[in-house]
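Some notes on the structure that comes next.
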Amino acid sequence: MQQPKNFKRLLQALAKQGLDVTYNDRTYSVRLKDSSEFDRQDACPTNTSAKTAEILLPEGFPVEAKALKQLANLAQIRHPAGGFVCKCCATPDFHPGDAGVAIGSIVQTEGMVIPAAVGSDINCGMRLHVADLSLEKFLQKRDRFVQLMKGDYFFGTRDVAMTAKTSRALFQYGIPGWLDAMLDAPTGSIVKSNLHQLADEIDRVYLGGSMNGDWKWAPEELVPDTGIVRDGGLATIGGGNHFVEIQVVEEIEDKATAFVWGVRQGQLAFTIHSGSRNVGKYIGGMWRDRAQSAWPKHLKYPDYRLFPLSVTANPNLVREYLQAEATAANYGFINRLLLAELLRLRLREVYGDLAAPLVYDLPHNITLFEGNRWVIRKGACPAHPQQPVIIPGSMGTTSYLLIGKGNSEFLSSASHGAGRVRSRFDLNREGADKSEEALGLTGVDCITLREERRIEEAPAAYKPIQPVIDVQIAAGLVGVVARLKPVLTFKA
DNA sequence: ATGTGC
């Protein structure tokens, strides 16, 4: 396989930063500089962090030096009390992140967690439903449906109010405990009419949609002592690459698996990509700062400024961080559930009673304990054997439902999308070609209140999905179950 | 990612 386009230039840029990169059979290997100042500051005993980080990349696409540098930084994080990185790797939607951690990075640690590696967008993830409705019938009443959804997603026309008790249960327990608490929800609250189906679908949510949270970490105004909570952030899509998309199941590749998962050719489908909104921002930001404050006072900050929390040095802080992260994760699971429920209710309202079951819901921005170690995925899906994996293309291209293969070389993970190739700034700047053709928007039905969102998130902003999927199949990360074609996309 | 900022 040939080397990527900008390989030589990349080597030069990275050599200046003390990084050595090789390319072999679909995979980059970033070798880190051997000695750092850090080594001399403190006896970091027997354990040292990873010396290499592997990246799976689609053939013929450039990769940014900034992203490689960020991955190298992540790989060499360690804590003087003994925490270290066991393994670090990246998926083919790899690109630089704003907060110092590249999207598509996966890091396995021992003895430490890294709040900054998860970042603000805690439990960002993907949720897929199928619906027993043909594309033809859907399009007949498309305008009415879109009008109703715009109200729900952009203007909050549906009541998602909760009692104080229910709000606390949401943060504390995630989906199951929250559904229990919903039994006494105010009348008119949207999930009340469908509690049984939502309970039946819990086993199709990663971790059962439940982590060990504590409402004490939630923003104060969302966990009052008594009264009704009206949270303007809940059941909203959010910005950036988040979306809700109506799709059609275009083609089944793995018939047996699709049958078991309840997916059939010609069905309508909808995919939700969203996370924990402001709650994750609040908790992620708080803990990034707390991890920095907990860094040993007598040591200089490491130059990458990504601070781990050590199990040996600060066991309580590690426990509390994981609980705080879980609190935001619970909110993320329920946000996606509500976005889907709003859509399912409107489908039934417009097209009559129809089945629209959940296929799967999985996070791609989260710390998970797997095989006795922490695995932190930043824009990467878990892809364990037999597990459903959802990888969306841009709003103009195919999305994929896949089955995980549990490739340990890539820490049982897969990409969470195609990966951005052009920055928002680049696409929006003066003088840029903003024609439909140049942006790949021809024939794309994008519902948004903001024109700049269509431009920032246009198909031209992303890699084509096909090579991104192909390289992951070739490397044994996933197998294709079904292809989903976009029909229309909601972007906030 | 974020009622944002190159």
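In what follows, every chain begins at residue 1, and chains take the letters A, B, ... in the order their sequences are listed.
Counting non-hydrogen atoms under 4.0 angstrom, A:Gly239 reaches the backbone sugars and phosphates but no base. Residue A:Arg453 is in base contact, counting any heavy-atom pair closer than 4.0 Å across all strands shown. Heavy atoms of A:Asn365 sit nowhere under 4.0 angstrom from any nucleic acid atom.
With hydrogens and angles ignored, no donor-acceptor pair under 3.5 angstrom links the side chain of A:Arg288 to the base of B:dT2.
Electrostatic pairing of A:Arg346 and A:Glu341 does not count as a salt bridge here, judged by no charged N lying under 4.0 Å from a carboxylate O.
Rounded to whole Å, atom P of B:dT4 lies 18 Å from atom CD1 of A:Ile455. A:Lys66 has its NZ atom 11 Å from the P atom of B:dC6, to the nearest Å. The interatomic distance linking A:Tyr153 (OH) with B:dG3 (C1') rounds to 19 Å, in whole Å. A:Asp98 has its CG atom 9 Å from the C1' atom of B:dG5, to the nearest Å. Atom CZ in A:Arg450 sits roughly 10 Å away from atom P in B:dG3 (whole-Å rounding). Computed from coordinates, the A:Met286 CE to B:dT2 C1' distance equals 16 Å when rounded to whole Å. Between the CD atom of A:Glu430 and the P atom of B:dC6 there is a distance of 18 Å, given to the nearest Å. In this structure, A:Glu457 atom CD and B:dT2 atom C1' are separated by 14 Å, rounded to whole Å.
In terms of modelled atom types and a separation under 3.5 Å, the side chain of A:Lys66 and the main chain of A:Pro96 share no donor-acceptor contact.
Of the residues in residues 271-285 of chain A, those lying under 4.0 Å from DNA chain B by heavy-atom distance are A:Arg277, A:Asn278, A:Lys281.
Between A:His364 and A:Ser413 the shortest side-chain heavy-atom distance does not fall below 4.5 Å.
A:Phe490 has its ring centre no less than 6.0 Å from the ring centre of A:Phe243.
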Please list, one pair per line, the donor and acceptor atoms closer than 3.5 Å that link side chains of residues 202-213 of chain A to other protein atoms, with sequence neighbours excluded.
unit_1, atom_1, unit_2, atom_2, d
A:Arg204, NH1, A:Leu358, O, 2.6
A:Ser210, OG, A:Tyr173, O, 2.7

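Taking all atoms of both residues into account, the shortest heavy-atom contact from A:Phe270 to A:Leu347 is CE2-CD1, 3.9 Å. Heavy-atom minimum distance, A:Cys89 versus A:Leu411: SG-CD1, 3.9 Å.
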